[in-house]
Amino acid sequence: VIVAAKASVKSKYRIEAAIYGNTLEPGMRRLGGIEAGGTKFVCAVGTGPGDLVRTVLPTGRPEETVGQAIEWFRAQGELEAVGIASFGPVEIDPASPQWGYITSSPKPGWRDFDFAGAVQAALGVPVAFDTDVNAALRAEARWGAARDVLSCIYLTVGTGIGGGAFACGQMLNGVSHPEMGHIRVPHDRAADPFEGCCPFHGNCLEGLASGPAIAARWGMRGEALPDDHPAWALEAEYLAHGLASLSCILSPDRILLGGGVMQRRHLFPRIRTRVCELLAGYVRMPGILPPALGPDAGILGAISLAKR
């Protein structure tokens, strides 16, 4: 029993190291992090949750926004490395000549932008690069709600819908990173005639359940809708179908739901109930929780990337 327990602890340490990298060496200078979202950039320096200094910039054109971020970092003093947690799609294959690029983004000006290259050239330090959701999951695995599990999905529901996952200590990436927001979910047009707002797929999960989809369908942003508005029953239905499919494919211990839309905490019990109904007892239902790090998961994920 003692030998097995020690092996389990060692395995846990190996898994954590694989997910988020090694800890800082003694005397290492501060690290920089960029959480690049569709509406805002969060820039920070520090080493973890206890010492972050940050600023928030609106996401405009890439040259302007990245230029402002560079100026801010220069004013903070010398850095050891910078981690970038970016909205996507992005190229994360280090063997690709487009590593560090934002690729087919519909956001004006950002398509085929060499994000990591621009930061590295300006600051002259090593740059680590990943999706915002992969990075947030790394932070939750190090400091938050995924520390005690061997498999987890992080899904953010906001300006878009994106997801990352790890299993047995390995982040799940293939020819590209996962695009969990672009899976198909049942769309009953009699109950919901909205055609969806994804410029690529129309009524995929992101096209039906993202923040912009809520605003386009109901004529106002989700923040203005009361908790008893019919928008939320529809939102829970779409997200539950997405989570049920992901549960069957990836069999996660836990699913973390972050992003601006999920600040409406009354969605969690609705989603859990519906996922349970959809799985129908065939497979074990994962825990469905908010991220422990809250809105800091993304920027802490960028700092965790810089630690690597």
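The structure presented is a predicted model; accordingly, all values stated were derived computationally and were not measured.
For the atom pair OG (Ser151) and CG (Leu250), the distance works out to 8.5 Å, reported to the nearest 0.5 Å. Going from atom CD1 of Ile303 over to atom CZ of Arg308 covers 14.0 Å, rounded to the nearest 0.5 Å. To the nearest 0.5 Å, atoms CG (Leu257) and CG (Leu267) are separated by 9.0 Å. The structure places OG1 of Thr131 at 8.5 Å from CG of Leu305, a figure rounded to the nearest 0.5 Å. Summarising the geometry, atom CD1 belonging to Ile288 is positioned 9.0 Å from atom SG belonging to Cys276; distances are rounded to the nearest 0.5 Å. Rounding to the nearest 0.5 angstrom, the gap separating the NE2 atom in His229 from the CG atom in Leu234 is 10.5 Å.
Counting heavy-atom neighbours within 6.0 Å of Arg54 CZ, excluding the residue itself, gives a total above 12.
Under the salt bridge (charged side-chain N to carboxylate O under 4.0 Å, His left out) criterion, the residue pairs touching residues 235-251 are Glu237-Arg274, with sequence neighbours excluded. Within the structure, no pair that satisfies the side chain to side chain donor-acceptor pair (under 3.5 Å) test touches residues 55-65, not counting sequence neighbours. Applying the ring pair (Phe, Tyr, Trp, His ring centres under 6.0 Å) definition to pairs two or more places apart or across chains, those involving residues 242-271 are Trp232-His266.
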Side-chain donor-acceptor distances from residues 108-121 under 3.5 Å, at least two apart:
unit_1: Trp110; atom_1: NE1; unit_2: Gly60; atom_2: O; d: 2.9
unit_1: Asp114; atom_1: OD1; unit_2: Gly117; atom_2: N; d: 3.0

Identify each donor-acceptor pair in which a side-chain atom of residues 178-200 lies under 3.5 Å from a protein atom, sequence neighbours left out, and give them as a table.
unit_1: His182; atom_1: ND1; unit_2: His201; atom_2: ND1; d: 3.0
unit_1: Arg184; atom_1: NH1; unit_2: His201; atom_2: O; d: 3.0
unit_1: Arg184; atom_1: NH1; unit_2: Asn203; atom_2: OD1; d: 2.9
unit_1: His187; atom_1: ND1; unit_2: Asn203; atom_2: ND2; d: 2.9
unit_1: His187; atom_1: NE2; unit_2: Asp192; atom_2: O; d: 2.9
unit_1: His187; atom_1: NE2; unit_2: Phe194; atom_2: O; d: 3.0
unit_1: Asp188; atom_1: OD1; unit_2: Ala190; atom_2: N; d: 3.0
unit_1: Asp188; atom_1: OD1; unit_2: Ala191; atom_2: N; d: 3.4
unit_1: Arg189; atom_1: NE; unit_2: Glu195; atom_2: OE2; d: 3.4
unit_1: Arg189; atom_1: NH2; unit_2: Glu195; atom_2: OE1; d: 3.4
unit_1: Asp192; atom_1: OD1; unit_2: Phe194; atom_2: N; d: 3.3
unit_1: Asp192; atom_1: OD1; unit_2: Arg217; atom_2: NE; d: 3.0
unit_1: Asp192; atom_1: OD2; unit_2: Arg217; atom_2: NE; d: 3.4
unit_1: Asp192; atom_1: OD2; unit_2: Arg217; atom_2: NH2; d: 3.1
unit_1: Asp192; atom_1: OD2; unit_2: Tyr238; atom_2: OH; d: 2.6

Which donor-acceptor pairs under 3.5 Å do side chains of residues 94-105 form with protein atoms, sequence neighbours excluded?
unit_1: Ser96; atom_1: OG; unit_2: Gln98; atom_2: N; d: 3.0
unit_1: Thr103; atom_1: OG1; unit_2: Pro89; atom_2: O; d: 3.2
unit_1: Ser105; atom_1: OG; unit_2: Lys107; atom_2: N; d: 3.0

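Legend: residues meeting side-chain hydrogen bond (donor to acceptor under 3.5 Å, both in side chains) with Arg270, ordered by chain and number and at least two apart, are absent. Under the ring pair (Phe, Tyr, Trp, His ring centres under 6.0 Å) criterion, Trp72 pairs with no residue at all, not counting sequence neighbours. With sequence neighbours left out, Glu71 forms a salt bridge (Lys or Arg N to Asp or Glu O under 4.0 Å) with no residue at all. Taking Asp253 as the reference, Arg284 meet the salt bridge (Lys or Arg N to Asp or Glu O under 4.0 Å) condition, with sequence neighbours excluded. Remark: Gln76 pairs with no residue by the side-chain hydrogen bond (donor to acceptor under 3.5 Å, both in side chains) rule, at least two apart or across chains. In terms of the salt bridge (Lys or Arg N to Asp or Glu O under 4.0 Å) criterion, Arg272 has no residue partners (sequence neighbours excluded).
For the pair Met171 and Asn134, the minimum side-chain heavy-atom distance is below 4.5 Å. No side-chain heavy atom of Leu155 sits under 4.5 Å from any side-chain heavy atom of Leu256. At a threshold of 4.5 Å between non-hydrogen side-chain atoms, the residues Leu123 and Phe73 count as touching. Side-chain contact between Cys152 and Glu140 is absent, with no heavy-atom pair separated by less than 4.5 Å. With a 4.5 Å cut-off on side-chain heavy atoms, Glu80 and Val125 do not count as touching. Residues Leu31 and Leu79 form no side-chain contact, since every pair of their non-hydrogen atoms from C-beta on lies 4.5 Å or further apart. With contacts defined as side-chain heavy-atom distances shorter than 4.5 Å, the pair Val42/Lys40 qualifies. Using a 4.5 Å cut-off on side-chain heavy atoms (C-beta onward), Leu239 and Met262 make contact.
Hydrophobic cluster membership is shared by Ile161 and Ile214, with clusters built from Ile, Leu, Val, Met, Phe, Trp and Tyr side chains linked at under 4.5 angstrom. Under the 4.5 Å side-chain heavy-atom criterion for Ile, Leu, Val, Met, Phe, Trp and Tyr, Val56 and Phe41 are members of distinct hydrophobic clusters. Transitive grouping of hydrophobic side chains (ILVMFWY, heavy atoms separated by less than 4.5 Å) brings Leu205 and Leu208 into a common cluster. Each of Met285 and Tyr154 belongs to its own hydrophobic cluster when Ile, Leu, Val, Met, Phe, Trp and Tyr are linked at side-chain heavy-atom distances under 4.5 angstrom. In the hydrophobic clustering of this structure, Ile153 does not group with Leu137; members are Ile, Leu, Val, Met, Phe, Trp, Tyr whose side-chain heavy atoms approach within less than 4.5 Å, directly or through other members.
Taking both residues in full, the closest heavy atoms of Ala209 and Ala213 are given as N-CB, 3.9 Å, listed atom of the first, atom of the second, then distance. Phe87 and Gly38 get closest at one heavy-atom pair: CD2-N, 4.2 Å. When all heavy atoms of Leu57 and Cys43 are compared, the pair lying nearest together is CD1-SG, 4.2 Å. In this structure, Ile299 and Ala44 approach most closely via the heavy-atom pair CG1-CB, 3.6 Å. Ala128 approaches Ala306 most closely through the heavy-atom pair CB-N, 4.5 Å.
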Report the C-alpha separation of Ile70 and Val66 in whole Å, then their side-chain angles, then the decisive distance to 0.1 Å, and conclude whether the side chain to side chain contact (heavy atoms under 4.5 Å, CB included) test is met. CA-CA 6 Å; Ile70 295 301; Val66 174; 4.2 Å; yes
What do the steps show when you test Leu52 against Val45 for side chain to side chain contact (heavy atoms under 4.5 Å, CB included), and what is the final call? CA-CA 6 Å; Leu52 290 187; Val45 296; over 6 Å; no
Going through the checks in order, is the side chain to side chain contact (heavy atoms under 4.5 Å, CB included) test met by Leu278 and Leu243? CA-CA 10 Å; Leu278 291 169; Leu243 297 191; over 6 Å; no
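Using modelled atom types, no side-chain atom of Lys307 and backbone atom of Gly48 make a donor-acceptor pair closer than 3.5 Å. For the pair Ser304 (side chain) and Leu300 (backbone), a donor-acceptor distance under 3.5 Å is absent. At least one donor-acceptor pair under 3.5 Å links the side chain of Arg254 to the backbone N or O of Ala145.
Of the N and O atoms on the side chains of Asn173 and Asp130, not one donor lies less than 3.5 Å from an acceptor on the other residue.
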